[in-house]
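Below is one structure, written out as structure tokens; comments come after it.
Because the structure is predicted, anything quoted here is derived from the model rather than measured.
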Amino acid sequence: MLHRRQAPYDVCIIGSGAGGGMAAYALTRAGARVVMLEAGPAWYASKNSQMLTPAYATPMRGRATHTRPFGEFDACDGGWEIDGEPYTRASGTKFDWWRGRMLGGRTNHWGRISLRFGPEDFRGKTRDGLGDDWPIAYEDLAPFYDQVDDLIGVFGSKEGIHNEPDGKFLPPPKPRCYELLVKKASDNLKITCIPSRLSITTTAKPGRQACHYCGQCNRGCSVKANFSSPDVLIAPALATGRLTLLTNSMAREVTIGPDGLATGVQYIDKETGEDRHVAAKVVVLAASAFESARLLLNSRSSLFPQGLANSSGVVGKYITDTTGSDVSGFIPAMVDHVPHNEDGVGGMHLYMPWWLDNKKLDFPRGYHIEVYGGLGQPGYGFMGGIQRYPGKGGYGAKLKEDYRRYYGATIGFSGRGEQIPNDKCYTEIDPNVVDKFGIPVLRFHWDWTDNELNQVKHMQETFRALIHEMGGTPFSPMPTKEQGYGIAAGGRIIHELGGVRMGNDPKSSALNRNCQAHDVKNLFVADGGPFVTQANKNPTWTILALSWRTADYIAQQRKAGAL
Ligand SMILES: Cc1cc2nc3c(=O)[nH]c(=O)nc-3n(C[C@H](O)[C@H](O)[C@H](O)COP(=O)(O)OP(=O)(O)OC[C@H]3O[C@@H](n4cnc5c(N)ncnc54)[C@H](O)[C@@H]3O)c2cc1C
Ligand code: SF4
């Protein structure tokens, strides 16, 4: 049955993650009456987190489950596969898509690595002729990055590195013991190594406590010291009295009036199974980059036969993920160490931003290095692979002794690099498959180029050099060219972006420089869809800043009577 509301909301936002939460926060503060459709149930870390549950508290010992692939106590409900909501891959394509299905989406779990894009990241084509430039510059986004820093909180250190802009930082935590070893090795190899930048409050903020260094950020923080959209953005938006939140509401398509403007959103009430409609004067898509592309491609009509906002044909194209590769190794200097306090945030205290000049290398764009190791809380699968250490594990008392000796003697590095969009990476509607709601699903095509493969080879060589410099031994041999130098499959780094890109030319972009559809002036996208390129930075701080900028533009246009 179709329900139609008479009085339209000012704005309908689809999705409540980083992009949707930020848009709801800013628009309700600007006085708009907002309705938010979220496909998953409500969840607040401040009420529902299992931050302090010990692993031995359940028979599973924290083991991964089908809907919590990062562990039983992990905050995020979702995963690589969602029952009844498939996606498909073209023949030969290796691509995986990680989706969160709950209030706050993936911000309940994410690593909180919160890096600004730098001035060079917005002008890749001008720099080396590859990919495209953004229609905006760093200066356009800088005031919004500042606002996000102030509101949400991010720790870090002022470094003055041109393409790694400093923010308005809270004090960073001190490096842990193993991180000091990493720092020494990096200094010896002349690799820049600086305090990490994570959205965790190391000093208290109003209504949020300072981090107490329990290290369980992925479970959600009950004292709201780390950022998640429900506690930090949605709750204050609800407190204005201007946000109507409809959870368990799966958007099917954006509806259009005879004048070609968006009239609202058709969605499925998952609790009753009913098809419903919510009317709104402005629609903001923030369902995550590829879900937003899917919604547009599924919103076909006689006015928009190729899908909505797609007269250019670019919706679903220019999609990217961060490149990724890892190496871990055994570090004898950390064996039988003096017991010491390694409490800290649930993530690294140091990282390495890109430090080299690509003009002197055989790949055009850089990567940053993330560091892991230390004395994490033991749980299911603890120190699996102990046979790789000298002494080779064993049974009974000997095995227990080895666990004690080698606990903390592993250090690893993960590279996170920039992919340049290419013609072989795109997504489209699969004409033969629908999900359990009858909504057509996405089919993915993916292929890396030598730009990424050469970059990943460099990562592998660098990580091995770092491990050797610390006196250690990598656990695995260098992957060969035939093995793609160990590159993770597309989508695996969970930084998927693009598909609804912004640009000045309506023939080659879906959105203008304000993330407003060229074809439909009351339609906006506020997630990773508008990104023109990746950078070698994790994307969420830029999604937040861009969403706030978009929301401000909508508020201005409403005030001016243009929307
Ligand atoms: C394990 C992990 C670690 C990560 N670490 C980092 C990191 O350290 N730094 C970083 O910058 N990024 C990181 N990310 C990525 C980060 O989580 C995403 O960039 C960010 O959450 C994207 O925000 P979003 O609003 O676009 O999408 P999401 O957060 O995914 O939110 C989208 C929301 O839309 C809802 N939705 C989808 N379709 C519909 C529909 N049809 N109708 C209604 N609702 C819908 C979903 O249920 C979801 O709640 C990580 C992600 C994961 C999973
Ligand atoms: S480490 Fe800090 S931010 Fe993370 S869950 Fe613990 S208290 Fe919260």
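- Residues Asn422 and Trp448 fail the side-chain proximity criterion, which asks for heavy atoms closer than 4.5 Å.
- Ring geometry, Phe227 versus Trp110: the interplanar angle exceeds 60°, so the pair is classed perpendicular (tilted spans 30 to 60°).
- Listed for the Asp231 side chain is a donor-acceptor partner under 3.5 Å among the backbone atoms of Ala45.
- In this structure, Ile487 and Glu452 have side chains that are in contact, with non-hydrogen atoms separated by less than 4.5 Å.
- One finds a salt bridge joining Arg294 and Asp435 here, because a Lys/Arg side-chain nitrogen approaches an Asp/Glu carboxylate oxygen to under 4.0 Å.
- Classification of Asp83 and Lys436 as a salt-bridged pair fails, no side-chain N sitting under 4.0 Å from a carboxylate O.
- For Tyr318 and Tyr426, the distance between ring centers is not under 6.0 angstrom.
- Between the side chain of Thr427 and the backbone N or O of Arg443 there is at least one donor-acceptor pair closer than 3.5 Å.
- Cys515 places a side-chain heavy atom less than 4.5 Å from the side chain of Leu546.
- By the 4.5 Å heavy-atom criterion applied to side chains, Leu37 and Cys12 are counted as neighbours.
- For Tyr87 and Phe290, the ring centers are positioned 6.0 Å apart or more.
- We find that Asp423 and Lys317 are not joined by a salt bridge, their nearest charged nitrogen and carboxylate oxygen being 4.0 Å or further apart.
- The aromatic ring centroids of Phe475 and Tyr389 lie less than 6.0 Å from each other.
- Taking the six-membered ring where the residue is Trp, the centroids of Trp541 and Phe117 are separated by 6.0 Å or more.
- No side-chain heavy atom of Arg197 sits less than 4.5 Å from a side-chain heavy atom of Phe155.
- Salt bridge Arg492/Asp321: absent, no basic N to carboxylate O contact under 4.0 Å.
- A donor-acceptor pair under 3.5 Å is formed between the side chain of Arg208 and the backbone N or O of Ile152.
- We find the OG-CG distance between Ser199 and Leu151 to be 11.0 Å, quoted to the nearest 0.5 Å.
- Looking at Thr58 and Phe73, their side chains come closer than 4.5 Å, going by heavy atoms from C-beta outward.
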Stepwise side-chain contact (heavy atoms from CB on, under 4.5 Å) check, Ile13 with Val11: CA-CA 6 Å; Ile13 300 173; Val11 183; 4.0 Å; yes
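- A side-chain donor-acceptor contact under 3.5 Å links Thr462 to the backbone of His458.
- A salt bridge links Glu291 to Arg101: one of the charged nitrogens lies within less than 4.0 Å of a carboxylate oxygen.
- For the atom pair CD (Gln455) and CD (Gln460), the distance works out to 12.0 Å, reported to the nearest 0.5 Å.
- At least one side-chain heavy atom of Gln216 sits less than 4.5 Å from a side-chain heavy atom of Gln377.
- Taking the six-membered ring where tryptophan is involved, the planes of Phe463 and Tyr367 are perpendicular, since the angle between them exceeds 60° and thus also 30°.
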Salt bridge (Lys or Arg N to Asp or Glu O under 4.0 Å) between Asp275 and Arg252, worked out: CA-CA 9 Å; Asp275 248 53; Arg252 180 193 290 284; 2.9 Å; yes
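- A donor-acceptor contact shorter than 3.5 Å is absent between the side chain of Glu428 and the backbone of Leu442.
- In this structure, CD in Gln419 is found 5.5 Å from OG1 in Thr320, a value given to the nearest 0.5 Å.
- Between Trp97 and Phe444, the ring center distance clears the sub-6.0 Å criterion.
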